[in-house]
Amino acid sequence: MAWNEGLSPEQEVVARHIGSHGRLLAGPGTGKTRTLTGRIIYLIEELQVASSDILAVTFTRVAASELRSRVSRLLGGDMVPQIVTLHSFALSTILRRGAGSRLPSPIRIADDYEERWIIQEDFKQYLNLGNLSEVRDLIAQLSADWETLAADGDGWERRFPSPLFLGAWREHRKIYGYTLRAELVYQLKLALEEGEIHLVGCPSRVLIDEYQDLNSCDLAVVKSLSRSGAELYVAGDDDQSIYGFRYANPEGIRRFTTEYEGAVDLSLTECHRCAENILSIGLYVARQDTHRAEKPLAPNREIGAGEVHLLRFEDYAEEATGLASIASWLVDEKGIAVDRILILLRSDANHKFSDPIREALENKGLAAATVENPLDILDSSEGRELLSMLRLMSNPGDSLAWRTIMIQRRNHLGEQAFYHIYDIARVRGITFFEALRLIQATPELVERQGGLIKDEFEALSQNLDRLKEVYDGSDEFSDFIDWMFDEIFTGEDWEEINLLIHNLVETNEINSLDSLLNILTTPPQELGQVKVAGSVNIMTMHQAKGLDADAVFIAAAEDEYIPGRAVGEAIDDERRLLYVSLTRARSFLYITYCLQRTGVQRHSGRTSGQTARHLTQFLSGGPLASQEGSEYLSQINV
């Protein structure tokens, strides 16, 4: 198959650019992934660039998987270059080449559950802080200082809000042997700049997708790659920079051509997704940002002008019923498949917005699904026990896994017992795991509870030995998984987790423990989202990034939520998020809002506790006229 098969003339031109750094500005629906695929094939087949000399970086694991799958189909699996997320690249590089003495070894990333229920809870107790929000704020500040490079400044530790916290954190991470996720890319950046990691044999061609979503720390790592001789080819759209919460800034892609000498500006201008009216309202929102990079973007005229409606309802019950009625009409009268309908929400804490909509859809006979992270079930007690055991099979000295599994089980060990174990580790300069082994040998070290700690440690060790013995003796990894759920993790409480693990093993062709752990411990922001087949999909606006549908509803499009409590530059993030959401639609776009929010929805948004709501400022007074929802329903005879 030719490298340019399926590419438009415009996509073909930008895919074969060589000779300098390149910035590809690609708006929604312009075929960016297809173009990146074509470029990788072109480099390998036409320019004879070795696949080992190419690195492609994406923002989410789903995007990496999609790009890898496309390249594999065209090239064959043996020729696929390294296609990873930046987090995965940082982790694999540090695992291979180290990061000096700054990080505990072996590298172990604390996940969100461990950060919330172990790290934060411990700091609250050990530092005698009044509430958990103080701990969260300090950890958030630490992460922000890494991501914005504020930690590089002279005297940073003196300026940090709590030097006591910094000291306690360094002690705690040494005893439990973990690294915070936000720190990983920063430590790679430091190791590169300080010469502790030398990128010998650095890929000569580096492709970076969603460049607008990189923060200052990410961009510094990219700069190090270019200094090592890599030619950069970055793709993205400043209008779609929506991850301000991790300090991503669209200025990175805007200034690329001035930051990298000789860089060439490339663009894709043909939107193959959005009909004219849909793209028009999207661009109306995007152009309210006076700092954006203006770019031509032509609509998809093959699917007609498209329909856009701004509908107002009295309250959430009327809105939910109206959405369901329109969705039913789209299916019955317009022939749209149910899973080609998306309903997007700015937020959905405790399903307070999605539940009424889902129930209304089901009352109309439409299957509906609220899209969530499928790995969330691993935060249950059973899920944590399983994940901890798998981690201990990989590394029996994983202190954080030992602590996690011991707090899940009915073993009569309370906070005081773990405080004693921690104190033994602190005084003797050893890890939590080493302290457990010490107590096993000498239970008298912990008054009253030493025997309980010893018994629990030995019981878990026996289970661990059984798991490792069967794993080592299994010909197929799937055989080990079957045995594990038949013999160790049994009963109704494990059925859903059993199904999840079997599905992951089968669909991802997992054949080792390390491969399974790699997927189970994927950072949430890297997961991406996959729509549920056969259902109307309800999800948050952030989750919809990278998706499209024939019909899209933006529900609760009120100023109290969009931009909500955002101030300053964060308002720009909210405007871009709305733009991204609007441009998920191909043919039908519905934007709905209520004049009041009652019930549990009353306690949400910028004016929590008040009922009155107003259309978002990004559409108020714009070219799209508001219409009574009931009036529109009567027009389509619903």
Side-chain angles (χ1 to χ4, degrees), residues 242 244-245 281-282 284-286 288 308-327 342-361 368 370 536 538-544 551-568 570-582 584-585 588-634 638:
I242 61 172
F245 59 84
I281 193 64
Y284 167 76
V285 171
Q288 294 173 35
V308 182
H309 301 278
L310 177 61
L311 306 178
R312 64 181 181 273
F313 294 94
E314 186 62 30
D315 56 28
Y316 77 86
E318 186 180 306
E319 179 187 43
T321 302
L323 289 178
S325 298
I326 297 169
L342 273 181
I343 298 178
L344 306 183
L345 302 161
R346 177 59 187 89
S347 61
D348 189 33
N350 300 317
H351 297 174
K352 67 175 65 174
F353 289 93
S354 62
D355 275 354
I357 296 172
R358 180 179 51 76
E359 290 170 7
L361 288 165
T370 301
V536 176
I538 310 170
M539 63 180 69
T540 66
M541 295 163 78
H542 276 105
Q543 289 174 318
V552 171
F553 293 82
I554 312 292
E558 293 138 37
D559 205 63
E560 289 74 14
Y561 307 113
I562 315 170
R565 295 185 175 90
V567 296
I571 292 179
D572 296 332
D573 284 334
E574 296 295 320
R575 184 191 300 112
R576 290 190 290 267
L577 181 59
L578 178 58
Y579 170 70
V580 167
S581 302
L582 296 169
R584 300 307 93 195
F588 293 89
L589 173 63
Y590 294 90
I591 307 161
T592 69
Y593 69 103
C594 291
L595 300 177
Q596 61 177 340
R597 293 279 166 188
T598 57
V600 294
Q601 293 185 6
R602 174 183 177 181
H603 304 285
S604 61
R606 186 178 62 237
T607 56
S608 176
Q610 301 179 27
T611 58
R613 297 292 185 267
H614 309 83
L615 177 63
T616 173
Q617 60 189 266
F618 304 133
L619 293 172
S620 180
L624 189 58
S626 171
Q627 183 180 10
E628 285 277 1
S630 57
E631 180 184 339
Y632 174 75
L633 288 169
S634 66
V638 173

### Message
Test side-chain contact (heavy atoms from CB on, under 4.5 Å) on I343 and L361; report intermediate values, then the result.
### Response
CA-CA 11 Å; I343 298 178; L361 288 165; 3.9 Å; yes
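- Residues T592 and I554 are not in side-chain contact: their nearest non-hydrogen atoms beyond the backbone lie 4.5 Å or more apart.
- For the residue pair Y579 and G282, the shortest heavy atom distance occurs at CD1-O, 3.0 Å.
- If you run side chain to side chain contact (heavy atoms under 4.5 Å, CB included) between I591 and each of L578, V552, L311, L624, only L624 comes through.
- Of all the heavy atoms in E560 and A612, the pair that sits closest is OE2-O, 3.9 Å.
- Residues A557 and Y593 come closest through the heavy atom pair O-CB, 3.8 Å.
- Under a 3.5 Å cut-off, the side chain of E314 and the backbone N or O of C594 do not form any donor-acceptor pair.
- Within the model, atoms CG of L577 and CG of D572 stand 12.5 Å from one another, a figure rounded to the nearest 0.5 Å.
- Counting heavy atoms from C-beta on, the side chains of L344 and R584 come closer than 4.5 Å.
- Screening R346, E574, R613 for a side chain to side chain donor-acceptor pair (under 3.5 Å) involving Y561 leaves a single residue, R613.
- The shortest heavy-atom contact between A360 and A320 is CB-O, 3.4 Å.
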### Query
Going through the checks in order, is the ring pair (Phe, Tyr, Trp, His ring centres under 6.0 Å) test met by F245 and H542?
CA-CA 11 Å; F245 59 84; H542 276 105; 5.6 Å; yes
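- No side-chain heavy atom of L345 sits under 4.5 Å from any side-chain heavy atom of M541.
- Not one N or O on the side chain of Q627 forms a donor-acceptor pair closer than 3.5 Å with the backbone of H309.
- With hydrogens and angles disregarded, no donor-acceptor distance shorter than 3.5 Å links the side chain of R358 to the backbone of T370.
- Under 3.5 Å, the side chains of T611 and R602 contain no donor-acceptor pair of N or O atoms.
- Separation of atoms NE2 (H603) and NZ (K352) is listed at 8.0 Å; rounding is to 0.5 Å.
- Residues Q601 and P356 have side chains in contact (heavy-atom distance under 4.5 Å, counting atoms from C-beta outward).
- Taking CG of L310 as the reference point, atom OG of S620 lies at 9.5 Å (rounded to 0.5 Å).
- Using a 4.5 Å heavy-atom cutoff, the side chains of Q288 and R575 are in contact.
- Distance check, rounded to the nearest 0.5 Å: CG of D355 to CD1 of I538 gives 8.5 Å.
- With a 4.5 Å cut-off on side-chain heavy atoms, T598 and Y316 count as touching.
- The side-chain heavy atoms of I242 and D573, taken from C-beta on, include no pair separated by under 4.5 Å.
- Within the 4.5 Å cutoff, no side-chain heavy atoms of R597 are placed close to those of D315.
- A donor-acceptor pair shorter than 3.5 Å cannot be found between the side chains of T540 and D348.
- Checking side-chain atoms of R565 against main-chain N and O of G605 turns up a donor-acceptor pair under 3.5 Å.
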#### Entry: side-chain contact (heavy atoms from CB on, under 4.5 Å) between D559 and L615, worked out
CA-CA 5 Å; D559 205 63; L615 177 63; over 6 Å; no
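- To the nearest 0.5 Å, the span separating CZ on R576 from CD1 on I571 amounts to 11.5 Å.
- The heavy-atom pair separating F553 from A327 by the smallest distance is CZ-N, 4.1 Å.
- E631 and S634 are not linked by any side-chain donor-acceptor pair at a separation below 3.5 angstrom, with hydrogens and angles left out of the test.
- Aromatic ring centres of Y632 and Y590 lie closer together than 6.0 Å.
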